[in-house]
Amino acid sequence: MKKINEVYSPKKRELKVIQFGEGNFLRAFVEWIFQVANDSGILNANFTVVQPLPFGRVKDLEAQNGLYTLYLEGILDGKVKQEIKLIDVLEKFINPYTEYQAYLDLAKDDSYEFIISNTTEAGIAFNPEDKDYETIPNSFPGKLLGLLVERYKHTGGDLNKGYVIMPCELIDYNGKELKSVLNRLSKHWNLDDDFIYWLNNANEFCNTLVDRIVPGYPKNEIAEIEAHLGYTDSSVVKGEIFHLWVIEASKKVSDKLPFDKAGLNVVFTDNITPYKQRKVRVLNGAHTAIVPVSYLYGIDTVKESIEDEMIGKFFEGVVFNEIIPASTHLLSESELKDFAYAVINRFKNPYIRHELMSIALNSTTKYKTRILPSVMDYINKFNKLPKSALFSLGSMLVLFRGKRGNETYTIQDDTEFLEMYDRLWKKCDGSKESVKEIVTEFLGIPHWEIDLNSIEGLTDLVTEYVYNILTKGMKKALEEVLYDIDSQN
């Protein structure tokens, strides 16, 4: 069988993007977005890929002339869909550990406008061992700073000759954080004030939010896939159909990258915060809300949960009747609902098996960050308790009892929380009084940063839920909650 580069030839375009990283996510997300834009005729941009670590895949990609195949799988417009896309935007490849001068020379090429990175969450960090760039720095910010110094020298400090820098690392306000690390590193290197001014004023650092599940290389299916393709490809990558890229940037950047004209779900904004909170509340919050309920109900995966009649109804109730009404100060109701409908399709994706217990990791903190803000906003806005979200909280407490029928299990969480749950459940003798005692202590822990017992009716409601789950089982307890909510609506 022929190799992919013996069947197809890459298309030459303008080299516009320097990309740090060659992993699955960038190849299934950023490069695909640029590919669609190129194919639509709104861009003419190719990439130079820089390997950020001593070990990496730039030579493997170069051996295929930058060509690879992307499989997108999921549910679109209510139908299961699979899309196969040839990606040919990767044109040049540099391993700075063996080609350091060639890497620095990128700064002398005026065609590059954009710098994109995904070097893992730990990649954007200050490394005091990076003293200068005479030899290759250890950290990604160190390597980037070396390139920026060379760019500054080449342009004579021209404020119109900087880059648009769009990090995709999964940290809050990644552009702002990268800029901060570069400024700290500049002072550590004793760089002059003129350069630091150029760094901060010639370059635009964009905060970004990226969202697409990327399972990666399909090693268990590769023989079947290559037989279908008719060629071999060592860099096949799989991703879900859904994609969202939110970029906090100036109009100058959005004008240069008119992705919306290609029908792409790329949002340019002057404030990324509402979109971040929407993702945390709706997608992540929905995950966290259903996990304890569905797992104690006897279900193991997200897809099975959403497709189950009762759990699916609970999910829709917590999202559409509580989380979204409590979050309309962030974005419009329609924007929140459209995102929620997309979430439902993502959760139903038949190509992805998402185990509930993998989401259950660190549930105590996840509830605080993902659901509690919606709970508090709901109470403040409507002056009543969000029963579905609080049923989830009670279910989470029961989940940490570690028993599902005759089965025992362990959930990973911070040691202090595991010790707390163990101590609480040892106090439970099965009586409603002992249940209220542990619920009261649980709701009053400093972790919540508010004594939840101070909210009228909340302690009694959660106590009722926990007691019902313990004495009647999750199915009956959930039935009663859903009936109670329906009867009041």
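Remember, predicted model here, so these are calculated numbers, not experimental data. Reckoned from all heavy atoms, side chains included, excluding hydrogens, waters and symmetry mates.
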Original post:
Where does the angle between the aromatic ring planes of F34 and F259 fall among parallel (under 30°), tilted (30 to 60°) and perpendicular (over 60°)?
Top reply: perpendicular

Original post:
Aromatic rings Y378 and F382: how do their planes relate, parallel, tilted or perpendicular, breaks at 30° and 60°?
Top reply: tilted

Counting distance only, does the side-chain N/O of [X] pair as donor-acceptor with the main-chain N or O of [Y] below 3.5 Å?
X: D308; Y: E304; result: no
X: T288; Y: G285; result: no
X: E169; Y: G123; result: no
X: R151; Y: K161; result: yes
X: N127; Y: G142; result: no
X: W448; Y: K368; result: no
X: N46; Y: L15; result: no
X: R212; Y: F242; result: yes
X: D130; Y: F140; result: no
X: K143; Y: P52; result: yes

Taking the side chain as every heavy atom from C-beta outward, state whether [X] and [Y] have any pair of such atoms under 4.5 Å apart.
X: I75; Y: I241; value: no
X: E177; Y: P141; value: no
X: L145; Y: Y133; value: no
X: F25; Y: V210; value: yes
X: F315; Y: V293; value: no
X: E221; Y: K238; value: yes
X: V58; Y: E62; value: no
X: Y173; Y: I272; value: yes

Original post:
Between F347 and H287, is the ring centre distance below 6.0 Å?
Top reply: yes

Subject >> Close aromatic pair by centroid cut-off 6.0 Å: F320 and Y341 >> reply: yes

How about [X] and [Y]: does a side-chain donor come under 3.5 Å of a side-chain acceptor?
X: Q82; Y: Y351; answer: no
X: S305; Y: Y295; answer: no
X: T48; Y: Y112; answer: yes
X: T208; Y: N174; answer: yes
X: E322; Y: S374; answer: no
X: R27; Y: N24; answer: yes
X: Q35; Y: D39; answer: yes

Hey, are [X] and [Y] close enough for a salt bridge, meaning a charged N less than 4.0 Å from a carboxylate O?
X: K313; Y: E316; value: no
X: D377; Y: K381; value: no
X: E248; Y: K176; value: no
X: D211; Y: R346; value: yes
X: R278; Y: E335; value: no
X: K252; Y: E113; value: no

Looking at every heavy atom in both [X] and [Y], which two are closest together, and how far apart are they?
X: A289; Y: I371; result: N-CD1, 3.6 Å
X: A102; Y: I94; result: O-CD1, 3.8 Å
X: C168; Y: W245; result: SG-CZ2, 4.1 Å
X: V214; Y: V237; result: CG1-CG2, 3.9 Å
X: L147; Y: L104; result: CD1-O, 4.1 Å
X: N95; Y: P54; result: ND2-O, 4.5 Å

**OP:** Could you please spell out the steps behind the side-chain hydrogen bond (donor to acceptor under 3.5 Å, both in side chains) verdict for D60 and Q64?
**Re:** CA-CA 7 Å; D60 294 336; Q64 294 190 168; over 6 Å; no

Using a 6.0 Å cut-off, check whether atom [atom1] of [X] has over 12 heavy atoms from anything other than its own residue.
X: K276; atom1: NZ; answer: yes
X: Y97; atom1: OH; answer: yes
X: E83; atom1: CD; answer: yes
X: D255; atom1: CG; answer: yes
X: Y8; atom1: OH; answer: no
X: Q412; atom1: CD; answer: no
X: K81; atom1: NZ; answer: no
X: K59; atom1: NZ; answer: yes

Out of curiosity, [X] [atom1] to [Y] [atom2], how far, rounded to the nearest 0.5 Å?
X: N203; Y: I115; atom1: CG; atom2: CD1; answer: 7.0 Å
X: T69; Y: D233; atom1: OG1; atom2: CG; answer: 4.0 Å
X: S139; Y: I124; atom1: OG; atom2: CD1; answer: 10.5 Å
X: S332; Y: D338; atom1: OG; atom2: CG; answer: 8.0 Å
X: Y68; Y: D88; atom1: OH; atom2: CG; answer: 9.5 Å
X: F268; Y: C206; atom1: CZ; atom2: SG; answer: 7.5 Å

Original post:
L199 and K179: side-chain contact (heavy atoms from CB on, under 4.5 Å), yes or no, with the steps?
Top reply: CA-CA 9 Å; L199 168 70; K179 184 178 182 179; 5.9 Å; no

Original post:
After noting the C-alpha distance and the side-chain angles of V50 and L106, does the key distance pass the side-chain contact (heavy atoms from CB on, under 4.5 Å) rule?
Top reply: CA-CA 10 Å; V50 178; L106 295 175; 4.1 Å; yes

Original post:
So among K16, R13, K12, which one has a salt bridge (Lys or Arg N to Asp or Glu O under 4.0 Å) with E91?
Top reply: K12

Subject >> Test applied, side chain to side chain contact (heavy atoms under 4.5 Å, CB included); reference residue, H243; option that passes from L72, V36, I213, L264 >> reply: L264

